[in-house]
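Source: prediction; values computed, not measured. Quick note: numbers below take in every heavy atom, side chains included, and nothing from hydrogens, waters or symmetry partners. All residue numbers refer to positions in the sequence shown, counting from 1.
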Amino acid sequence: QVHVVESGGGLVQPGGSLRLSCAASGSIFSINAMGWYRQAPGKERELVAAITSGGSKNYADSVKGRFTISRDNAKNTVYLQMNSLKPEDTAVYYCNADLVPWVVAGTGSFRRYWGQGTQVTVSS
């Protein structure tokens, strides 16, 4: 009943920009945090950026100063603005939402939901 849907990936040249969007929907009691991970071929999935319900943000060192995460609480949507893209940024980007669905509300538990992934390719 909870869904996380991503959009915005694509092909961009080095130095270009992309904006990824991710919306969580369904039977949600509250959202603790949302974030973006990426996984390149042959590499482990890594955290790119995350934002908590209180607005605290974390960024991977490799994207600091280039990527910006933001959140629209009214829409349960998180965005990743990616500027000055490099070929090394090429990866499948996954959105995650750590949230409390209604089925576990009041139990102290939360669950992590993942988007389907969107391909970002930075190439000339």
Side-chain angles (χ1 to χ4, degrees):
Q1 293 182 337
V2 175
H3 303 280
V4 177
V5 181
E6 300 157 306
S7 63
L11 175 65
V12 65
Q13 65 182 357
S17 298
L18 284 174
R19 182 179 174 89
L20 306 183
S21 299
C22 172
S25 62
S27 186
I28 299 170
F29 176 74
S30 63
I31 296 178
N32 298 329
M34 297 183 73
W36 293 93
Y37 289 72
R38 67 185 181 187
Q39 187 167 21
K43 296 183 178 180
E44 298 292 326
R45 185 175 299 189
E46 65 173 345
L47 175 67
V48 177
I51 184 168
T52 70
S53 61
S56 298
K57 300 176 181 179
N58 292 324
Y59 294 98
D61 288 341
S62 60
V63 307
K64 287 181 179 178
R66 299 189 297 120
F67 291 10
T68 302
I69 189 169
S70 60
R71 181 179 177 183
D72 184 339
N73 291 332
K75 298 171 63 176
N76 288 337
T77 299
V78 66
Y79 306 94
L80 186 67
Q81 179 66 47
M82 304 185 294
N83 298 325
S84 301
L85 283 162
K86 305 174 181 179
E88 302 85 73
D89 296 317
T90 296
V92 177
Y93 284 69
Y94 298 90
C95 176
N96 83 280
D98 293 334
L99 56 84
V100 180
W102 274 105
V103 293
V104 299
T107 68
S109 298
F110 73 94
R111 296 180 180 176
R112 170 164 284 190
Y113 294 85
W114 292 92
Q116 77 284 358
T118 184
Q119 177 70 49
V120 172
T121 302
V122 185
S123 176
S124 299

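Salt-bridge annotation for K64 and D61: present, with a side-chain N of the basic residue lying under 4.0 Å from a carboxylate O of the acidic one.
To the nearest 0.5 angstrom, K57 atom NZ is 10.0 Å from T52 atom OG1. How far OG of S124 is from CG of L11: 9.5 Å, rounded to the nearest 0.5 Å.
Heavy atoms only, all atoms of each residue included: V104 and T107 are closest at O-OG1, 2.6 Å. Residues Q81 and S17 approach most closely at NE2-CB, 3.9 Å, considering heavy atoms. Listed here is the closest heavy atom pair of M34 and C95: CE-SG, 4.2 Å. Nearest heavy-atom pair across W36 and S21 is CH2-O, 3.6 Å. Contact record, A40 with A91: N-CB, 3.8 Å, taken as the closest heavy-atom pair. The shortest non-hydrogen separation linking P101 to V2 is CB-CG2, 4.2 Å.
In this structure the side chain of V103 never reaches within 4.5 angstrom of the side chain of F29, judged on heavy atoms. Counting heavy atoms from C-beta on, the side chains of T118 and S7 never come closer than 4.5 Å.
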Stepwise, does the side chain to side chain donor-acceptor pair (under 3.5 Å) test hold for S53 with N32? CA-CA 5 Å; S53 61; N32 298 329; 5.5 Å; no
Walk me through it: do R38 and L80 pass the test side chain to side chain contact (heavy atoms under 4.5 Å, CB included)? CA-CA 12 Å; R38 67 185 181 187; L80 186 67; over 6 Å; no
Verdict with supporting geometry, M82 and R66, side chain to side chain contact (heavy atoms under 4.5 Å, CB included): CA-CA 6 Å; M82 304 185 294; R66 299 189 297 120; over 6 Å; no
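V120 is not connected to Y94 by any chain of hydrophobic side-chain contacts under 4.5 Å among Ile, Leu, Val, Met, Phe, Trp and Tyr, and they are in different clusters. Grouping the Ile, Leu, Val, Met, Phe, Trp and Tyr side chains by contacts below 4.5 angstrom, directly or via other members, places V92 with L47. With hydrophobic clusters built from ILVMFWY side chains whose heavy atoms lie under 4.5 angstrom apart, Y79 does not share a cluster with V4. Hydrophobic cluster membership differs between Y37 and Y113, with clusters built from Ile, Leu, Val, Met, Phe, Trp and Tyr side chains linked at under 4.5 angstrom.
Using bins of under 30°, 30° to 60° and over 60° for the plane-to-plane angle, the ring pair Y93/F67 lands in the tilted bin.
Side-chain atoms of Q116 come within 3.5 Å of backbone N or O of E6 as a donor-acceptor pair.
When the shell of 6.0 Å around CZ of F110 is examined, it contains 12 or fewer heavy atoms from other residues, nucleotides or ligands. Other residues, nucleotides and ligands contribute at most 12 non-hydrogen atoms within 6.0 Å of the CD atom of Q13.
Screening I69, N58, I31 for a side chain to side chain contact (heavy atoms under 4.5 Å, CB included) with I51, the sole residue that qualifies is I69.
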